Protein chains: 2
Amino acid sequence: MYRTHTCGELSMKNTEQDVVLCGWVQKSRDLGGMTFVDLRDRYGLTQLVFNMDTNIGLCEKARKLGREFVIQVKGKVRERSNKNLKMPTGEIEIDVCELNILNRSEIPPFTIEEDTDGGEELRMKYRYLDLRRNSVKKAIILRHQVAQEVRKYMDSIGFIEVETPVLVNSTPEGARDFVVPSRMQPGTFYALPQSPQTLKQLLMVAGFDKYFQIVKCFRDEDLRADRQPEFSQIDCEMSFVERNDILETFEGLTKCLFKQVRGIEFSEPFIKMPYHEAMEFYGSDKPDLRFGMKFNDLTELVKGHSFAVFDSSEYVCGICAEGCSEYTRKQLDDLTEFVRRPQIGAKGMVYLRYNTDGSLKSSVDKFYTPEELKKWAESANARPGDLILILSGDKKKTLSALSELRLEMGNRLGLRKKDTFVPLWVVDFPLLEWDEEAKRFFAMHHPFTSPNPEDMQLMQTDPGKVRANAYDLVINGVEIGGGSIRIHDAEVQQLMFKVLGFTEEEAVKQFGFLMNAFKFGAPPHGGIAFGFDRLVAMFGGQDSIRDFIAFPKNNSGRDVMLDTPSQISQKQLDELHIKVESKK
Amino acid sequence: MYRTHTCGELSMKNTEQDVVLCGWVQKSRDLGGMTFVDLRDRYGLTQLVFNMDTNIGLCEKARKLGREFVIQVKGKVRERSNKNLKMPTGEIEIDVCELNILNRSEIPPFTIEEDTDGGEELRMKYRYLDLRRNSVKKAIILRHQVAQEVRKYMDSIGFIEVETPVLVNSTPEGARDFVVPSRMQPGTFYALPQSPQTLKQLLMVAGFDKYFQIVKCFRDEDLRADRQPEFSQIDCEMSFVERNDILETFEGLTKCLFKQVRGIEFSEPFIKMPYHEAMEFYGSDKPDLRFGMKFNDLTELVKGHSFAVFDSSEYVCGICAEGCSEYTRKQLDDLTEFVRRPQIGAKGMVYLRYNTDGSLKSSVDKFYTPEELKKWAESANARPGDLILILSGDKKKTLSALSELRLEMGNRLGLRKKDTFVPLWVVDFPLLEWDEEAKRFFAMHHPFTSPNPEDMQLMQTDPGKVRANAYDLVINGVEIGGGSIRIHDAEVQQLMFKVLGFTEEEAVKQFGFLMNAFKFGAPPHGGIAFGFDRLVAMFGGQDSIRDFIAFPKNNSGRDVMLDTPSQISQKQLDELHIKVESKK
């Protein structure tokens, strides 16, 4: 062993001890008679002292150390005269008597500090240096801690982690698969799993009862910001359960993680909100409930007063921003500009000030009497001092635009607090989505999602109205995970395929091996999957998942450090019996 | 929840309780007035009773249950009149009052029992049924337990599990890579990792200090029996350590696993044996030390007595089989036949009986006096009653053949006990292997393996003699894992490349990104990897790893259940800009 202690553990308890430390030179200050070096390792920083008076040679050697040199020092722990109580080791320093340079370092391309001067691309190319930065290192360690806690908890309640294969079969539905050519069987391919969905259902058929896995999944999609071609999920499945059994189990996991990782305890059950309510009151299937600002449908109230914009709108809806009645013209213009952005898509915004003196002022004053405006304010539960913001138009688009405006107001009013967490189950998703182009229903989740038992009779008569036995966990407006009770009954499954417009032949071709397995005693079962990268980023208080992945890919799916994907040799191509075609 | 209890937990404590159970019909016995059904789930078996006298309808329904039907029953726990104390639930039974068929089952293609009538291929095709069998289920649960213990232990000693990417770069050295065509960058490929070797070394450069991961690795090799194209390993790396620090750490892990998983405690440190000693005394770099039977070099003793076979042999060596002096002619012929098998390759075998009366009898009596034979026996530490078996020829082949004979004798004498475990560190492997065809040295491990510090001067003068700072953990003749201290010094690395005959250009091309990273302060580091599938199989007392993998591939790399690899659509090929070429 090269050391007796790490750079994070020495304190006043250790004074006068002889120690050996190893690490990287964080920085070095030369104060004439003394040279101070901050030595860094995974565990912390420790100050080293070299004294010109007592050992000139050693001190001169220390002065030549460059940033990020790897060194080993021997010395005595001394109490510092100038203590830094913000650092765990800030009360002591090492009076060094021996210095060994274990490895030199070129000058790093960016500073290894919290506020680095390195841009995203440079940091990714030298990710091994970026990972030395405290925030990135802590993000990766947090990921480890969360994974450990997940496994500990799942094990404690009887779940078994089963590794499912990475080389699986390509499934035609869903996103695009990454494929792997087989050398032994030329012309055939494996696929990398988009999720272990079918395999975990097979494990239920196999009687494993409670399965989980922290597992890599793969999707060959054009990457949006903050999507990765390979990502991890906490994947779970249970047998002999109903919806609430699954919600309780994973609410338990979530509460345990909050407690262990963030020290936050939730004493109340998580809110359960039907999908249609989330859409109606927050315009989103993943509402941020850290603040209220519920939608107020004003459609009936505002129509028939010659204001053409409202009269021609399918839907008129407002939110009440508390205490904002004195917003300036500029602030209101800003918000109008915000909702008009192409990605939000509203045509304009109407406001209604409920002044503190009880008077009302709106941008559409000339169409409505003060009494009428008063009714709007009452309908929106506004009080004097509040501001009502109103959007109108096609219902679906208006809900979505107002949802964005609500979040923006939440940001502006500081209502989306970083350290507040409001978890929420969104339940009763629609089972099917009508595709206008294909003129058929598609499964909103996947074709094995069970209809809500109460809606079973609608399957025949009005399938578009059937609710799925599906659920999402949403925290602070972020979808952490989702799942469903699966269909285990052959007749229901056939009905589902019929509604989806599959012929029996097509169903067999696409899902044959699973349907076959279901012939041999499939138990009632259901499951859930949490996005692990996203979950850890949430615990780390970050929006981007990238720093919670040790070696992430960029938005083109490249690992710029490994410089991959890259060309392979002709010999490799020949062995696989494949040929690269030039792009047409 | 469909049940109040599982099928494995009810006992006399629960008598007269009303319970609801779910599970699969294991078997059913119709005894006229009574029908007994064994209900099975992951946790056990519980006997259900249906009584013709009390409920004819229910009993008749029960009589129609087929094997593997999924049912839910309600009833009362009763004490059994006919107790089965071998089963945890064998003292009770359920007097059923309600029976719901949750799902029917076709007759399974093989019996779901310990001694199934299903062959390997059928079992693999219906793996979800095979996994219902107790031994296979237990193997997968054992795997979960071992993984949990590994993670718990590694976490407790400060290791961080870091997920390394699955989509990496193809490396030209080593085994063949599986590759993944990139759609976004046509003509380029990712590769699946053969191991995270370079990535874990980068994590050391990043200062992570102690890394581990239970990780999937991939090798596109022609499969030998019991090899899988995807396999799991416990992968580890540590910084600022010397060889013994790593051995102690992973000896600690191994001991902890033996204790937690098998209840076996090792109070002594594991044996450390240099590679040359393992070869010299056991003819193998992974000797099974559950028994002795060390090799005795007889070369000097036997030469010069006109026995041409020995006189012309480079090497003559014997093992002493205790208490076997009365082996019959037939038994000796059997052994001769064994060593002559093509895969063993010896030309013949000489024996020497040391009879209980002290007399000696050999198959080569006519060339040697009794006194000379006595010297052989003494040299082999034989005592009256023992049998000495001798092979001769080329040294390398003889060592290898005698190693096989030793193991065979160990088997015949019952010395390789299933419940005895003798772990062993094999150390000081050669750094380099001379390739007669290529007329150059190859790295025995990989080109980043550090030479033994004591042999550093030999690198220039006699590289073939240099020992590596590398080690294997061997248990009962099985290689559980191995690793090495890595080179962290740029000059040593250059020397290594020179000895391997790399030009600087070639070295940069193949290992550039790692060499680049090493310029920025690489700490001294080393690591190890354990074969996880093999380790779990060992704890499970099995030679084959297949049942310890939930969904294994067959010897052609096929998953016969998923029916993969398989063809993909022309659209997929087009999007990837690749074309399948017909086999030439």
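The chains referred to below are lettered A, B, ... by the order of the sequence lines, with proteins before strands, and numbering in each begins at 1. The structure presented is a predicted model; accordingly, all values stated were derived computationally and were not measured.
A donor-acceptor pair under 3.5 Å is formed between the side chain of A/Arg132 and the backbone N or O of B/Val205. A/Thr564 places a side-chain N or O within donor-acceptor distance of the main-chain N or O of B/Val168, the cut-off being under 3.5 Å. With B/Asn103 contributing its side chain and A/His488 its backbone, the two residues share a donor-acceptor pair below 3.5 Å. One N or O on the side chain of A/Lys553 and one on the backbone of B/Leu167 form a donor-acceptor pair closer than 3.5 Å. The main-chain N or O of A/Ile549 is never found under 3.5 Å from a side-chain atom of B/Glu163 such that the two would form a donor-acceptor pair. B/Glu230 places a side-chain N or O within 3.5 Å of a backbone atom of A/Val166 that can act as its donor or acceptor partner.
At a 4.5 Å heavy-atom cutoff, the contact between A/Asn169 and chain B is made by backbone and side-chain atoms alike. With a threshold of 4.5 angstrom between heavy atoms, B/Ser239 approaches chain A through N, CA, C or O but not through any side-chain atom. Using a 4.5 Å cut-off between heavy atoms, A/Lys210 touches chain B through backbone and side chain atoms alike.
Among A/Gln567, A/Glu242, A/Glu106, the residue with the largest count of heavy-atom pairs under 4.5 Å with chain B is A/Glu106. Options A/Val180, A/Ile107, A/Ile112, A/Ile71 differ in how many heavy-atom pairs under 4.5 Å they form with chain B, and the most are formed by A/Val180. Here B/Asp220 is the residue among B/Asp220, B/Asp559, B/Leu131 with the most heavy-atom pairs under 4.5 Å with chain A.
Taking the salt bridge (charged side-chain N to carboxylate O under 4.0 Å, His left out) definition, one finds that A/Arg42 meets it with nothing, sequence neighbours left out.
Under 4.0 Å is where a charged nitrogen must lie from a carboxylate oxygen, and between A/Glu161 and B/Arg151 at least one such pair does. A salt bridge links B/Asp222 to A/Arg183: at least one charged side-chain nitrogen sits closer than 4.0 Å to a carboxylate oxygen. B/Asp209 has a carboxylate O that lies under 4.0 Å from a charged side-chain N of A/Arg3, or vice versa, which qualifies the two as a salt bridge.
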